[in-house]
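To keep things clear, I will list the structure first and then write my remarks on it.
Hydrogens, waters and symmetry mates play no part in the numbers below; they use all other heavy atoms, side chains included. Here, residue 1 is the first one in the sequence, and each next residue gets the next number.
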Amino acid sequence: MSDWQVAFFIGLFGSVHCIGMCGPLMLAVPFKRRSAWLLAFDKLQYQLGRTISYVVLGLIIGLIGKQIWLANIQNGLSIVSGILIILAALSRLIKHSFKSTGIAIKLMQPFNNMLVWALKNRAGHLITGMLNGLLPCGFVYLALVGAVNTGTVLNSAGFMFWFGMGTLPLMFAAALGSGFFTVSLRRKLNRVIPYFMLCLGVWFVLRGLALNVPYLSPPAMDAPALCK
């Protein structure tokens with residue numbers, strides 16, 4: 001499985017969680033048009049706005065990761081990332097939750113203020129979607145962990161693009177017909193997510209070990225050149 005396929009599936013599975021967390025915000029964006037096609041276009045703009053923000057975050061994390069790649073320690077980073085993902089998955093499987101701290105609430109406040117401003121001033125679906133993409137989210141962090149392990153800045157941005165594309169199908173469907181995703185259905189789908197995270201964490205660890213197993217644990221690569 002390629003990095004971008006992994007990114008897509010992180011987004012696809014993560015969107016099940018996002019429907020519950022960001023769904024109310026998505027449905028709160030006002031619209032004036034009555035045409036079904038124009039309504040669908042508005043909702044699509046919102047999803048594309050989120051993806052634009054994810055790509056920008058990918059570029060930023062790629063620039064930060066360049067120093068890691070040049071130091072040729074990406075294999076160690078992949079192992080550490082995998083272990084953290086496994087721990088996060090196990091915490092969900094044993095139903096252990098981490099309480100939000102005051103620091104986390106303070107970090108989210110500026111984003112909340114921007115979203116409130118966007119809704120009050122009818123900034124539109126694209127801008128509101130871009131702001132939504134910047135909200136702190138566990139699955140966005142998970143995708144950024146994957147992006148920083150890709151090897152180049154462009155690959156990092158591409159990883160986040162495909163993550164955004166992965167979130168699009170279910171989020172777009174929920175925006176058009178939220179009744180389909182009932183609380184019961186979301187709960188059932190959420191039970192699968194920790195197992196997906198567990199498999200993903202194991203894959204990151206195996207990739208970092210560079211066991212020369214095709215598609216699963218490729219051999220270690222040399223550090224990329226500075227011009228990349």
Side-chain angles (χ1 to χ4, degrees), residues 1-23 26 46-62 64-65 68-69 74-75 77-93 98 129-130 132-175 181 185-208 215-218:
M1 184 179 291
S2 69
D3 285 340
W4 291 358
Q5 287 173 320
V6 170
F8 182 86
F9 283 110
I10 292 175
L12 185 64
F13 279 89
S15 60
V16 177
H17 168 79
C18 293
I19 289 170
M21 298 300 293
C22 300
M26 180 172 57
Y46 186 93
Q47 309 308 325
L48 293 177
R50 290 189 302 102
T51 302
I52 289 171
S53 292
Y54 296 151
V55 172
V56 171
L57 291 174
L59 289 170
I60 294 172
I61 201 69
I64 295 172
I68 296 173
W69 306 325
Q74 61 267 38
N75 284 349
L77 178 65
S78 183
I79 293 172
V80 172
S81 301
I83 292 172
L84 292 176
I85 294 170
I86 290 171
L87 291 175
L90 292 176
S91 72
R92 297 191 65 163
L93 287 172
F98 297 95
M130 292 174 68
N132 184 191
L134 297 175
L135 281 175
C137 170
F139 275 93
V140 174
Y141 298 153
L142 181 59
L144 289 172
V145 166
V148 82
N149 282 287
T150 54
T152 71
V153 176
L154 290 180
N155 282 346
S156 179
F159 191 98
M160 294 306 295
F161 170 79
W162 284 108
F163 167 75
M165 289 295 99
T167 67
L168 195 149
L170 293 185
M171 292 289 283
F172 184 55
F181 295 95
L185 177 60
R186 288 203 302 268
R187 285 176 179 173
K188 291 177 180 178
L189 293 174
N190 272 321
R191 292 173 187 166
V192 181
I193 291 177
Y195 296 99
F196 168 73
M197 293 174 62
L198 193 60
C199 292
L200 187 66
V202 171
W203 182 70
F204 271 110
V205 171
L206 290 174
R207 190 173 69 167
Y215 304 108
L216 185 63
S217 183

Taken in chain and number order and not counting sequence neighbours, the residues that satisfy ring-ring contact (aromatic ring centres under 6.0 Å, His included) with F196 are F13
> With a 4.5 Å limit on heavy-atom distance, are the side chains of N155 and W4 in contact?
Replying inline: yes
message = Within the structure provided, determine whether Y195 and L93 are in side-chain contact (heavy-atom separation under 4.5 Å).
response = yes
So OH of Y54 and CG of L134: to nearest 0.5 Å the spacing works out to 9.0 Å
With sequence neighbours left out, the residues meeting ring-ring contact (aromatic ring centres under 6.0 Å, His included) with F161 are none
| task | Check whether any side-chain heavy atom of L200 sits under 4.5 Å from a side-chain heavy atom of I10, and report yes or no. | result | yes
Closest heavy-atom pair, R50 versus G133, reported as atoms and distance to 0.1 Å, is CG-N, 4.1 Å
Residues at least two apart in sequence or cross-chain that pass side-chain contact (heavy atoms from CB on, under 4.5 Å) with I86, listed by chain then number, are L90, L198, V202, V205
Between the CG atom in N149 and the CD1 atom in I61, the distance rounded to the nearest 0.5 Å is 10.0 Å
Counting C-beta onward and ignoring hydrogens, is there a side-chain heavy-atom pair between D3 and R207 closer than 4.5 Å?
yes
For residues 133-160, the ring-ring contact (aromatic ring centres under 6.0 Å, His included) pairs (sequence neighbours left out) are H17-F139
Practice item. Measure the shortest side-chain to side-chain distance between M130 and V56 over non-hydrogen atoms and say whether it is less than 4.5 angstrom. Key: no
CD of Q47 to CG of L170, rounded to nearest 0.5 Å, is 10.5 Å
G58 and M160 have their tightest heavy-atom pair at CA-CG, 3.4 Å
Residue set satisfying side chain to side chain donor-acceptor pair (under 3.5 Å) with S156, at least two apart, ordered chain then number -> none
Starting from the C-alpha separation in whole Å, work towards a yes-or-no answer on side-chain contact (heavy atoms from CB on, under 4.5 Å) for I64 and V148.
CA-CA 8 Å; I64 295 172; V148 82; 5.8 Å; no
Please table the atom pairs, donor to acceptor, closer than 3.5 Å between any side-chain atom in residues 78-85 and protein atoms at least two apart or in another chain.
{"unit_1": "S78", "atom_1": "OG", "unit_2": "F204", "atom_2": "O", "d": "2.7"}
{"unit_1": "S81", "atom_1": "OG", "unit_2": "L77", "atom_2": "O", "d": "2.7"}

Sorted by chain and residue number, the side-chain contact (heavy atoms from CB on, under 4.5 Å) partners of A157 (sequence neighbours excluded) come out as V55, L59
